[in-house]
Amino acid sequence: QVQLVESGGGSVQAGGSLRLSCVASGSPMSVRCMAWFRQAPGKEREGVALIDPVTTTTTYADSVKGRFTISRDNTKNTLYLQMNSLKPEDTAMYFCALDGGGCWIQVGRDRRRRGSHEYNYWGQGTQVTVSN
C-alpha cells in the first residue's frame, strides 16, 4: 500500500515562502501523475499544480502561475511545491496526490485534467496559513 506524507506547511506572513514536500513509500508503482491540491474552509478542493514525473511536463492553476513551482525527485520518491510571494488567499490545507495514469484524460479528440476524485493515492495534508 502506497503512503504519502506531506510536510513543510506552517504560518507565514504575506510575501513569504514555503516549500512543501511529499514523500511516497510502500509498494513500487509506475507513477505518471503527481499533483498538489488545496482546500480552504467552505470551498471545494482545488487543483494547484501537476507534473508528469517522467517527462516533467507541468501545469499550474492561474491563481498560482509565476509564484509556485512543482518538481520531483524520482530517486527520493519525493514531490515538492515551492511557494513564493504567498498571499492570504493561499491559506488552505494542501494535499499531494499520485496516480498511475496520466495527468490528462483523453476525451475524444480533446482532453481534460484528472479530477480530484480520480487520483488513487492521497496524503493527509499539511496546513498553510498566510497572514497580512
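We count residues from 1, following the sequence as given. Hydrogens, waters and symmetry mates are skipped; everything else that's a heavy atom, side chains included, is used. These numbers were taken from a predicted model, which means no experiment stands behind them.
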Any salt bridge between E89 and R38, counting N to O under 4.0 Å? no
Considering all heavy atoms of both residues, which atom of S116 and which atom of F37 are nearest to each other, and what is their separation? CB-CE2, 3.7 Å
Any donor and acceptor pair, going by atom type alone, linking the side chain of Q127 with main-chain N or O of Y94 inside 3.5 Å? no
Do V64 and I70 land in one hydrophobic cluster if side-chain heavy atoms of ILVMFWY residues count as linked below 4.5 Å? yes
Determine, using the 4.5 Å side-chain heavy-atom cutoff (strictly less than), whether L4 and L79 are members of one ILVMFWY cluster. yes
With side-chain contact (heavy atoms from CB on, under 4.5 Å) as the test, would you mind laying out the steps for R67 and D90 before giving the verdict? CA-CA 11 Å; R67 300 189 297 118; D90 296 318; 2.8 Å; yes
Looking at S71 and I51, what are the two nearest heavy atoms and their distance? CA-CD1, 4.0 Å
Does T91 use its side chain to pair, donor to acceptor, with the backbone of V130 at less than 3.5 Å? yes
Return the minimal non-hydrogen interatomic distance between G123 and F95, and the atom names on each side. O-CD2, 3.6 Å
Using a strict cut-off of less than 4.0 Å between a Lys/Arg side-chain nitrogen and an Asp/Glu carboxylate oxygen, indicate whether D62 and K65 qualify as a salt bridge. yes
Pair D52 + R32, salt bridge at N-O below 4.0 Å: yes
Just by distance, do the side chain of R113 and the backbone of W104 share a donor-acceptor pair under 3.5 Å? no
Does any N or O in the side chain of T78 come within less than 3.5 Å of the main-chain N or O of K76, such that one atom is a donor and the other an acceptor? yes
What one should report as the nearest heavy-atom pair of G9 and T126 is N-OG1, 3.2 Å
When every non-hydrogen atom of V54 is compared with those of V31, the smallest separation belongs to CG2-O, 4.3 Å
Derivation and outcome, side chain to side chain donor-acceptor pair (under 3.5 Å), residues S131 and Q13: CA-CA 5 Å; S131 60; Q13 292 285 308; 3.1 Å; yes
Centre-to-centre under 6.0 Å for F68 and W36, is that the case here? no
The criterion is salt bridge (Lys or Arg N to Asp or Glu O under 4.0 Å); which residues satisfy it with R19, sequence neighbours excluded? none
Where the side chain of N74 meets the backbone of P53, is there a donor-acceptor pair that is under 3.5 Å apart? yes
I'd like to know if the side chain of D99 and the backbone of C33 have a donor-acceptor N/O pair within less than 3.5 Å. no
Are side-chain heavy atoms of T129 and V12 found at a separation under 4.5 Å? no
Please tell me whether S17 and N84 have a donor and an acceptor in their side chains that are separated by less than 3.5 angstrom. yes
For the student: nearest non-hydrogen atoms of G47 and A61, plus distance: O-CB, 3.5 Å
Using modelled atom types only, decide if a donor and an acceptor are shared between the side chain of E6 and the backbone of Q124 within a distance under 3.5 Å. yes
